[in-house]
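Everything on this sheet refers to the single structure shown next.
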Amino acid sequence: MAEAAGGFLEQLKSCIVWSWTYLWTVWFFIVLFLVYILRVPLKLSDNLSTVSMFLNTLTPKFYVALTGTSSLISGLILIFEWWYFRKYGTSFIEQVSVSHLRPLLGGVDNNSSNNSNSSNGDSDSNRQSVSECKVWRNPLNLFRGAEYNRYTWVTGREPLTYYDMNLSAQDHQTFFTCDSDHLRPADAIMQKAWRERNPQARISAAHEALEINEIRSRVEVPLIASSTIWEIKLLPKCATAYILLAEEEATTIAEAEKLFKQALKAGDGCYRRSQQLQHHGSQYEAQHRRDTNVLVYIKRRLAMCARRLGRTREAVKMMRDLMKEFPLLSMFNIHENLLEALLELQAYADVQAVLAKYDDISLPKSATICYTAALLKARAVSDKFSPEAASRRGLSTAEMNAVEAIHRAVEFNPHVPKYLLEMKSLILPPEHILKRGDSEAIAYAFFHLAHWKRVEGALNLLHCTWEGTFRMIPYPLEKGHLFYPYPICTETADRELLPSFHEVSVYPKKELPFFILFTAGLCSFTAMLALLTHQFPELMGVFAKAFLSTLFAPLNFVMEKVESILPSSLWHQLTRI
C-alpha cells in the first residue's frame, strides 16, 4: 500500500513537473485571463484607484528614499556576489538556482551525460585522483650551453626560470646519484655538483671529477717471491661528469655530441659491471638502476644531437633501438622524440603506427599525441577543404573526423592553436612542462609548427574549426567534455615555469557571471534614478507617468480587442461568476 502511494506521488510530481516545464506559458495566460474576468468581484479597479491615489499623495522624498534603498541593497548584493565569485569561481545566485530550482523545473544535470559521452576511455581519468599540477620533464628540452646560453648571449634575457632549473637539479639528483656514491671519489664530487646553483661551480666540479679519474692507482701484485711488480690500472671514467659538460659547457651541438660519445663509453662500461652485480644486494640494485638511467639519458641525448645536426634517419634508428632495449622506461617519453623525427621525414605511416601504440586508454595524453593525431586526420582532407563549400554541402565523413580530432586536441590543450596560427609569438620552451598548460603548448609548437606548415591547408582547417571546441564543452568550461576537467592551477604553475617577459596564456578565462553584471547594472540604474529624482522631482514624475502609460499600452490594446470580439451577454455572464 505504501509503495502504491509512493508511486502515485511520484507520478503526480512528474506530471506537475512536466506541466510546469512545457505549459508554463499557458498557465500564465490562464491566470491573467482569470484575474481580468474576476476584476469586478475582486474590486481590482477600486483597489487600483486607491493605490493610484496613495501614490499621488507621496512626495518626491519617498521616491528618493525608495530608489536610494534599492541602490544600496543591490550594491550589497553586488559586493557579496563579487566576493563569492573571487573565492569560489561561480555566482552564488546562479549556483543556488542550478542546484535547487533546476530540479524542481525538470532540469537534467549534464554531469551524467558528459561522463557517458567521454570517448577513447578518457572517462576513466575522472575516477582517478589526477595530480592537477604535476610537472613533467620536457621530452624535447634544449641544451643549456649550446642553445639556452646562446639565446642569453644574443638577447640578454634568461630563458629559464629559477623554479625550472631547480626542478632539473632535482631530476639530476634523482636519476644520476645513488646512496653508494660516497664510496667513489668522482661520483661523490658529482653528487655535490648537481646541487650547485652556480653554473661555473658545476662545470668546475665536473672537471675535477674527470681529473680524479686520470690518477693512476697502483695495485701490488706479487709475481715473484723475491720481488714485486706494480700493475698500473686506470679508474673508470665518470659518465655523469661528461653529461654535465655536454649539457652546460659545450657551446655547439657538435661539441655536445663529442662529450656524450665519451659519456657513452664510460656509462656503458658502468652499466655492464653493475648489471652483473645487481642481485648481490639492495646497494648494487640501486647502483644498477642509476647506471641504467645514465645510459638511457646519454643515448637519448645522442639521438637528439643527431636530429639537431640533420641526421634524422640516424636519430630515428637510435630512438627505436633505445625503446626496444628499455621498453619499460616510459617516464622519459622517448616516443614523443620519435614522433617529431618521423614527421620531419614525412613518414606518416610510421607516425600512425606509433600513435596506435601510445594513444591508448591507459596511457596519459599529451599535446604531442593529440595534435599529431589531429594533423594526420587533417592531412587527408586539408588540401581540398573550403569553409564556404563545407557550409553549403556539409562536412564529409573524413572532414568530420578531422574536425573532431582537432576539437579533441584543442580541448586537451587550448593554448596550442594560437602558437600554431602565429597569433602569439613563440619563446624557447622550458625544461619542464605542465600538461594542458601554456608551457606544454610552447614546447609543442616550437618543434611542430614546421610540420603543420608542411601539410597544405592544415593550418587553414585548424583556423576554421578550433574555436568551435569551446561551444561544445559544457558550461561551466571546467567540466570538460572528452577529458577530465581542465586543471584550475595551470596558470600559477605556468607563471613559475615560464620567463617573466612572456605573457602567459590563461584558460578558461572566467567571464563575470550574469548576476554580477545584472546587480551592477541594477545598482547603477537605481542610484542614477535616486539622484535624478532628488534633483528634478517634477520632471522625473512626468517621465515615470509616460513610461508606465507606454508600458501598459499594449495590454490595454489587447483588452479592448477582446471586449470588442466577445459577445456582451457572454462577457456579462462571465463577470458575474
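For clarity, every value in this text was computed on a predicted model and none was experimentally measured. What you see below is based on every heavy atom in this structure, not just the backbone, and it leaves out hydrogens, waters and symmetry mates.
- For W466 against H463, the heavy-atom pair with the smallest separation is CD1-O, 3.6 Å.
- Using a cut-off of 4.0 Å between Lys/Arg side-chain N and Asp/Glu carboxylate O, R301 and E247 are scored as salt-bridged.
- Here the side chain of Q191 pairs no donor or acceptor atom with the backbone of D187 at under 3.5 angstrom.
- Looking only at distances, no side-chain donor or acceptor of R495 sits under 3.5 Å from a matching main-chain atom of S500.
- The CD atom of E411 sits 9.5 Å away from atom SG of C370, with the distance rounded to the nearest 0.5 Å.
- A donor-acceptor pair shorter than 3.5 Å can be found between the side chains of S168 and R137.
- In this structure, CZ in R157 is found 9.5 Å from CD1 in I427, a value given to the nearest 0.5 Å.
- Judged by distance alone, with hydrogens and angles left aside, the side-chain atoms of T465 form no donor-acceptor pair with the main-chain N or O of V403 at under 3.5 Å.
- Annotation for C178 and A286: closest pair CB-O, 4.2 Å, computed over non-hydrogen atoms.
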Output, in order, the C-alpha distance, side-chain angles, deciding distance and verdict of ring pair (Phe, Tyr, Trp, His ring centres under 6.0 Å) for Y242 and F260.
CA-CA 7 Å; Y242 282 118; F260 273 121; 9.8 Å; no

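- Around atom CD of Q170, more than 12 heavy atoms belonging to other residues, nucleotides or ligands sit under 6.0 Å away.
- Within the model, atoms OH of Y148 and CG of N141 stand 6.0 Å from one another, a figure rounded to the nearest 0.5 Å.
- Between P430 and N138, the shortest heavy-atom distance links the atoms O-ND2, 2.9 Å.
- The residues E325 and K299 are annotated as salt-bridged, a charged nitrogen and a carboxylate oxygen being separated by less than 4.0 angstrom.
- Using modelled atom types, one finds a donor on one side chain and an acceptor on the other under 3.5 Å when comparing K424 with S505.
- When all heavy atoms of V316 and L342 are compared, the closest pair comes out as CG1-CD2, 3.9 Å.
- Here the CH2 atom belonging to W194 is positioned 11.0 Å from the CG atom belonging to D171, to the nearest 0.5 angstrom.
- Note: F176 and Y297 have perpendicular aromatic rings, judged against thresholds of 30 and 60 degrees for the angle between ring planes.
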Please lay out, stage by stage, how Y348 and V455 fare under the test side chain to side chain contact (heavy atoms under 4.5 Å, CB included).
CA-CA 11 Å; Y348 297 110; V455 177; 3.8 Å; yes

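- For the residue pair E340 and T368, no side-chain donor N or O sits within less than 3.5 Å of a side-chain acceptor on the partner.
- With S366 as reference, E336 is the one residue of K435, R436, E336 to meet the side chain to side chain donor-acceptor pair (under 3.5 Å) rule.
- Without hydrogens or angle criteria, T312 side chain to A341 main chain gives no donor-acceptor distance under 3.5 Å.
- Side chains of N149 and R144: no donor on one and acceptor on the other come within 3.5 Å.
- Side-chain contact between Y371 and F412: absent, with no pair of heavy atoms (C-beta onward) separated by less than 4.5 Å.
- A donor-acceptor pair is defined here as one N or O able to donate and one able to accept, closer than 3.5 Å; such a pair exists between the side chain of D494 and the backbone of D438.
- From Y444, atom OH reaches atom CG of L426 across 12.0 Å, with rounding to the nearest 0.5 Å.
- Checked by atom type, the side-chain pair D164/H432 shows a donor-acceptor distance below 3.5 Å.
- Aromatic ring pairs are classed by plane angle as parallel below 30°, tilted from 30° to 60° and perpendicular above 60°; the pair F326 and Y271 is perpendicular.
- With hydrogens and angles left out, the side-chain atoms of E440 and N413 include a donor and acceptor closer than 3.5 Å.
- Side chain to side chain, H207 and E249 meet the donor-acceptor criterion of an N or O pair below 3.5 Å.
- With no hydrogens or angles considered, no side-chain donor-acceptor pair links H451 and Q346 at under 3.5 Å.
- Judged by distance alone, with hydrogens and angles left aside, the side-chain atoms of E404 form no donor-acceptor pair with the main-chain N or O of N401 at under 3.5 Å.
- Other residues, nucleotides and ligands contribute at most 12 non-hydrogen atoms within 6.0 Å of the CZ atom of R313.
- Atom CD of Q352 is separated from atom OG1 of T372 by 10.5 Å, given to the nearest 0.5 angstrom.
- The neighbour count for E456 CD, taken as heavy atoms of other residues, nucleotides or ligands under 6.0 Å away, does not exceed 12.
- Side-chain N or O atoms of R290 include none that pairs as donor or acceptor with a backbone N or O of F175 at under 3.5 Å.
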Walk me through whether E344 and R454 qualify under salt bridge (Lys or Arg N to Asp or Glu O under 4.0 Å).
CA-CA 9 Å; E344 178 65 23; R454 189 178 293 117; 3.4 Å; yes

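- The backbone N or O of T251 sits less than 3.5 Å from a side-chain atom of R150, completing a donor-acceptor pair.
- Contact of the T292 side chain with the H288 side chain is registered, since non-hydrogen atoms from C-beta on lie closer than 4.5 Å.
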Between L497 and I433, is the side chain to side chain contact (heavy atoms under 4.5 Å, CB included) condition met? List the steps.
CA-CA 7 Å; L497 289 172; I433 59 174; 5.6 Å; no

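- Side-chain atoms of D350 and R320, non-hydrogen and from C-beta on, do get closer than 4.5 Å to each other.
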Decide yes or no on side chain to side chain contact (heavy atoms under 4.5 Å, CB included) for R308 and L142, but give the supporting numbers first.
CA-CA 10 Å; R308 297 281 205 286; L142 305 178; 3.2 Å; yes

Should L434 and W136 be marked as a side chain to side chain contact (heavy atoms under 4.5 Å, CB included) after you check the CA-CA gap, both sets of side-chain angles, and the distance that decides it?
CA-CA 6 Å; L434 185 70; W136 299 71; 5.8 Å; no

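- With respect to K192 and E196, no salt bridge is recorded, no charged nitrogen being found less than 4.0 Å from a carboxylate O.
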